[in-house]
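These notes are about the structure you will find just below.
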Amino acid sequence: MIKIITIYDQIQSGMGSKDDKLLPLGGKNVPIGPSIMMEPYLKQIDAKVVACLYCGNGTYLSDKKMVSKKLCDMVQKLHPDIVICGPAFDFKDYAQMCAEVTWDINNSTDVPAIASMSAENEEVLSKYKDLMYIVNCPKKGDVGLTHALSNICKVAKSIATQDDNIKSIKKYCF
């Protein structure tokens, strides 16, 4: 079974609203937020979310280096098969957090990570889309979320299992 950790902001974790930007770093060992909606797709790929980590956007932006290091340390300690940051939808600060934390996990741990966000995050995408896997998802409230969650799971499986057919997942990414 593929073990997955997800990383969310205060909104996607269900721990706060857009006004709760200073939610401290935390975690749950049960699926929360989009992880719950991903469960049917996780079953299809024989995967399970073993932990969900989260923090407020403001917490991350106020000390990126420290928060990212703590997230990387948690990932290394829990050692899943893959980490999924997002979906960030069209939330700019969360998309930035997803991309930067994904980059840090990929470059400071031996665990692969992917991000997910919508095309509206042009600035983040232009900087990171050629450096990591970023799965396309709709902006908040648009149609297509179920397809995006399925695609996130497909990409996660291919990377976690080092699938020989990894090029086939590019169609789901930017």
Using only atom types and a distance under 3.5 Å, with no angle test, would you say the side chain of [X] pairs donor to acceptor with the backbone of [Y]?
X: Asp81; Y: Lys3; answer: yes
X: Ser150; Y: Tyr41; answer: no
X: Thr59; Y: Cys55; answer: no
X: Asn106; Y: Ala113; answer: yes
X: Asp20; Y: Ser17; answer: yes
X: Ser68; Y: Lys65; answer: no
X: Gln10; Y: Asn57; answer: yes
X: Ser158; Y: Val155; answer: no

ask   = Stepwise, does the side chain to side chain donor-acceptor pair (under 3.5 Å) test hold for Gln12 with Tyr54?
value = CA-CA 9 Å; Gln12 296 309 309; Tyr54 56 84; over 6 Å; no
Does this structure show an ion pair linking Lys69 with Asp73, if we count only N-O contacts that are shorter than 4.0 Å? yes
Between Val50 and Ile5 the two heavy atoms that sit nearest each other are CG2-CG1, 4.2 Å
Would you compute the distance between atom [atom1] of [X] and atom [atom2] of [Y] and round it to the nearest 0.5 angstrom?
X: His147; Y: Ile152; atom1: NE2; atom2: CD1; value: 13.0 Å
X: Ser168; Y: Lys170; atom1: OG; atom2: NZ; value: 11.5 Å
X: Ile82; Y: Ile159; atom1: CD1; atom2: CD1; value: 4.5 Å
X: Lys129; Y: Glu122; atom1: NZ; atom2: CD; value: 10.0 Å

Single-linkage hydrophobic cluster, 4.5 Å side-chain cutoff, [X] and [Y] together:
X: Leu61; Y: Tyr8; value: yes
X: Trp103; Y: Leu53; value: no
X: Ile134; Y: Ile4; value: no
X: Ile2; Y: Ile169; value: yes
X: Ile114; Y: Met132; value: no

Partner of Cys98 under side-chain contact (heavy atoms from CB on, under 4.5 Å), picked from Ser116, Cys85, Pro87, is Cys85
Q) How about Thr102 and Tyr128: does a side-chain donor come under 3.5 Å of a side-chain acceptor? A) no
Assess the side chains of Gln96 and Tyr60: does a donor N or O sit below 3.5 Å from an acceptor N or O?
no
Cationic tip of Lys140 within the cone over Phe89's six-membered ring, i.e. under 6.0 Å and within 45° of the normal?
yes
| request: With side chain to side chain donor-acceptor pair (under 3.5 Å) as the test, would you mind laying out the steps for Asp90 and Ser118 before giving the verdict? | output: CA-CA 5 Å; Asp90 55 333; Ser118 70; 5.0 Å; no
Heavy-atom count around Glu123 CD within 6.0 Å, excluding the residue itself: above 12? no
